[in-house]
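Just so we're on the same page: letters track the sequence lines, and every chain starts at 1.
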2 protein chains.
Amino acid sequence: MAQKVTIYDIAKALDLTPATVSRALNDSYEISESTKEKVRALARQLNYQPNRMASGLRSKRNKMIGILVPNIAYHFNSSAIAGIEEVLGAQGYRTIICQTHEKLDREIENLKDLVSIRVDGLIASLSAETLQLDHFQDLQMPLVFIDRVPIDDRFIRIHIDNEDAAYKGVQHLLQSGRKHIAWLAGPEGLDIAERRYRGYCRAHQEAETSIDPQLKIHFHFKPGDPYHRLRQTIQEKPAIDAVFSINDRIAIEALAAIRDAGKSVPQDIAVMGFNNESISPWLYPSLSSVSQPSFEMGREAALQLLGLIKGQKMQSRSFVFETHIVERGSTLPVLVKG
Amino acid sequence: MAQKVTIYDIAKALDLTPATVSRALNDSYEISESTKEKVRALARQLNYQPNRMASGLRSKRNKMIGILVPNIAYHFNSSAIAGIEEVLGAQGYRTIICQTHEKLDREIENLKDLVSIRVDGLIASLSAETLQLDHFQDLQMPLVFIDRVPIDDRFIRIHIDNEDAAYKGVQHLLQSGRKHIAWLAGPEGLDIAERRYRGYCRAHQEAETSIDPQLKIHFHFKPGDPYHRLRQTIQEKPAIDAVFSINDRIAIEALAAIRDAGKSVPQDIAVMGFNNESISPWLYPSLSSVSQPSFEMGREAALQLLGLIKGQKMQSRSFVFETHIVERGSTLPVLVKG
DNA sequence: TTGAAAGCGGTACCAC
DNA sequence: GTGGTACCGCTTTCAA
């Protein structure tokens, strides 16, 4: 591993001091254009690469941002990350993506690592296991939550109104004549799922439709588990005429379970997903979904974080994004026969 | 931002020197157990978090590994990353994930950043635009390529035999009686796709089936484009009786295009995907796919990189993983009618 | 087993 | 506009 070029090498070659070279490379106003030119030219020629460790150590800013999410394979996360990186990248910030895999201990461990790297800020989405926030409390760094946000309103939070979003989705199903709606909730204790269930309940109450608590179905985010849980429930509750799923990926398994139960979508059972993922229009039947602007939410999270880093005092602590229903084939109302 | 605790604080409090504290925290054999205990206890109590900037600057090792992939939303990548992180995490290494979004300039930029962070090593998968490797040539750090690997055999490469994998997939289609197989190739110039096309051709030649070059279909990895390209091709070439897709995500669009063209799968047209993604068993019809062990490949990439970092001389430069066909409904052979 | 001190490669303050 | 230099927090010789 050949010795790296440093600003000392450049300084020596040009008969300058490291301080001057540093200022030149950082385009400081105090340095003459001619010196800057010479320094930049030689830096390029020697293929000089700055050492972020060193500059970060001294300046306490390394232009790195931590992103902590449950799983990059989730559509919301990869999409939000794209939005985050678009904003942050334009300002010269780099991101360090960490996955908790829904585990609290991974979350704590990743957090420690991000602290030890001394990232300039953090954008986080809570794991399914996270119930208390001790590990976030005294982080002492700019922090923005996204999607899976805590209740604590001292934090800046970017999210949707999960209750309202589910309310709209379930209302749509009820209005198309469905009465027995299964809620594919995901793992036990997931906050966003509980909020959505509240919207589910409210829509039922307003429509004066009775709620069967057994239609709230929990499962692990593990291929096959949602399928089997739903198949079993359909067997036990043959009156089910709609399924509302926590995300589109899971809704695909729901479509399969319904098909294998000998029922058809949307004639017998309507299906509504969540997130409006890019594959959903191409499924059969095409999947209706509650859409949330994940990319834009990522952008906003990044903008808020930049504000925090620059020390601006932020007006609002909570940014609630709008959701809307995307109607497709899987929730077409059933025509009255005859 | 409260002042961070340093080893100086711990040293002062315990009437030791920073050197001793450093050694104690790193579990050095030269430090007595009793001192280690005291240091660790106080470190925990003060919530000491080591500064990787500083230790990395001095020791030239920061236990960080760069991962450079086209897109984390691709199934292969998120899955391989999980494998990489499993191996590296156990050794105390952290990963910094960068996305090129298939752009050469993003690749070069990300590479510079990873160099400036002085990561201990790099695992990379080439962007679709990457034709030459100048930016990788003089990186001067342990480097392993995965999936989208260069031809250059001076690099360690983790990959499958793309030609052979496609050969097997196409052979399977030909043997089930298909004769006009469209190849959904992805963007122009993608190396793995070209290799797979060679396998496609070889399978045709061995089966003495003629090849129609117009059945090689290029498109962008952008929702809708594969669908429209395939619909158009089906219209122009009504004899198409099979579709082989570069990945399962794209195959979903193919299923939609075929359906909307009034044909059915697998009766009129068989569909074979690639990667055997987790949703594929639940599609309708369930999707046959060429499976590659992405998680294991990620693990192997990490193991090889660790070997390089530890200075072991690696025997083999190329690790070729086995693929196999997963047969599902979308390629069922058509029963002879009557 | 522990201490003393010299860096690692930049940045920032104070001179000039 | 540029130079000199202390210093960021830790690691690593060399001594004791």
Side-chain angles (χ1 to χ4, degrees), chain A residues 1-40 42-43 46-64 92 113 115-120 140, chain B residues 1-40 42-43 46-64 92 113 115-120 140:
Chain A
M1 183 147 158
Q3 204 46 51
K4 284 279 171 198
V5 179
T6 73
I7 56 170
Y8 284 82
D9 302 322
I10 297 176
K12 204 166 296 174
L14 294 176
D15 200 27
L16 292 169
T17 57
T20 306
V21 175
S22 171
R23 284 183 279 234
L25 289 171
N26 289 314
D27 202 23
S28 161
Y29 66 95
E30 351 171 71
I31 300 293
S32 72
E33 206 46 55
S34 64
T35 305
K36 282 185 191 174
E37 282 303 340
K38 280 191 294 188
V39 170
R40 281 197 280 251
L42 187 60
L46 296 178
N47 192 28
Y48 166 76
Q49 300 287 8
N51 184 329
R52 275 198 203 223
M53 298 283 149
S55 74
L57 180 58
R58 178 67 227 231
S59 70
K60 310 267 188 207
R61 286 171 284 102
N62 57 16
K63 289 254 182 184
M64 307 215 278
D113 280 307
V115 168
S116 82
I117 292 166
R118 301 291 193 268
V119 291
D120 292 346
Q140 309 289 9
Chain B
M1 179 148 157
Q3 204 46 52
K4 283 280 169 199
V5 180
T6 73
I7 55 171
Y8 282 83
D9 302 322
I10 297 176
K12 204 166 295 174
L14 295 176
D15 200 28
L16 293 170
T17 56
T20 305
V21 174
S22 171
R23 284 183 276 234
L25 289 171
N26 289 315
D27 203 21
S28 164
Y29 66 95
E30 357 173 63
I31 301 294
S32 71
E33 206 47 52
S34 65
T35 307
K36 282 185 189 172
E37 282 303 339
K38 279 191 294 189
V39 169
R40 281 197 280 250
L42 187 59
L46 297 178
N47 191 29
Y48 167 76
Q49 299 288 7
N51 184 329
R52 277 199 202 223
M53 298 283 150
S55 72
L57 180 58
R58 178 65 230 241
S59 69
K60 311 265 190 206
R61 288 170 282 106
N62 57 16
K63 289 256 183 182
M64 307 213 279
D113 280 307
V115 168
S116 82
I117 293 168
R118 302 290 193 268
V119 291
D120 292 346
Q140 310 290 9

Is there side-chain contact between [X] and [Y], with heavy atoms separated by less than 4.5 Å?
X	Y	result
M64(A)	I117(A)	yes
L16(A)	K38(A)	no
L42(B)	Y48(B)	no
L14(A)	V21(A)	no
D27(A)	R40(A)	yes

Please classify the nucleic acid contact of D9(B) as base, sugar-phosphate, or nothing, using heavy-atom distances under 4.0 Å. nothing

Rounded to the nearest Å, what distance is computed from the [atom1] atom of residue [X] to the [atom2] atom of nucleotide [N]?
X	N	atom1	atom2	answer
M53(A)	dT11(D)	CE	C1'	14 Å
I10(B)	dC10(D)	CD1	C1'	12 Å
L16(B)	dA16(D)	CG	C1'	16 Å
Y29(B)	dT2(C)	OH	C1'	13 Å
L25(B)	dT12(D)	CG	P	14 Å
L57(B)	dC8(D)	CG	C1'	9 Å
N62(B)	dC8(C)	CG	C1'	13 Å

Nearest 0.5 Å please: distance from the CZ atom of R52(B) over to the CG atom of D113(A). 4.5 Å

Return the OG to CG distance between S55(A) and N26(A), rounded to the nearest 0.5 Å. 8.0 Å

N62(A) side chain to R118(A) main-chain N or O, any donor-acceptor pair under 3.5 Å? yes

Angle, rounded to 10°, between the helical axes spanning five pairs at each terminus of the helix from dT1(C)-dA16(D) to dC16(C)-dG1(D)? 30°

Under a 4.0 Å heavy-atom criterion, the protein footprint on nucleotides 10-16 of chain C, written with B, S and -, is BBBB---

What's the shortest heavy-atom distance between I31(B) and R23(B), and which atoms? CG1-CB, 3.6 Å

Any K60(A) side-chain N or O less than 4.0 Å from OP1/OP2 of dG9(D): yes

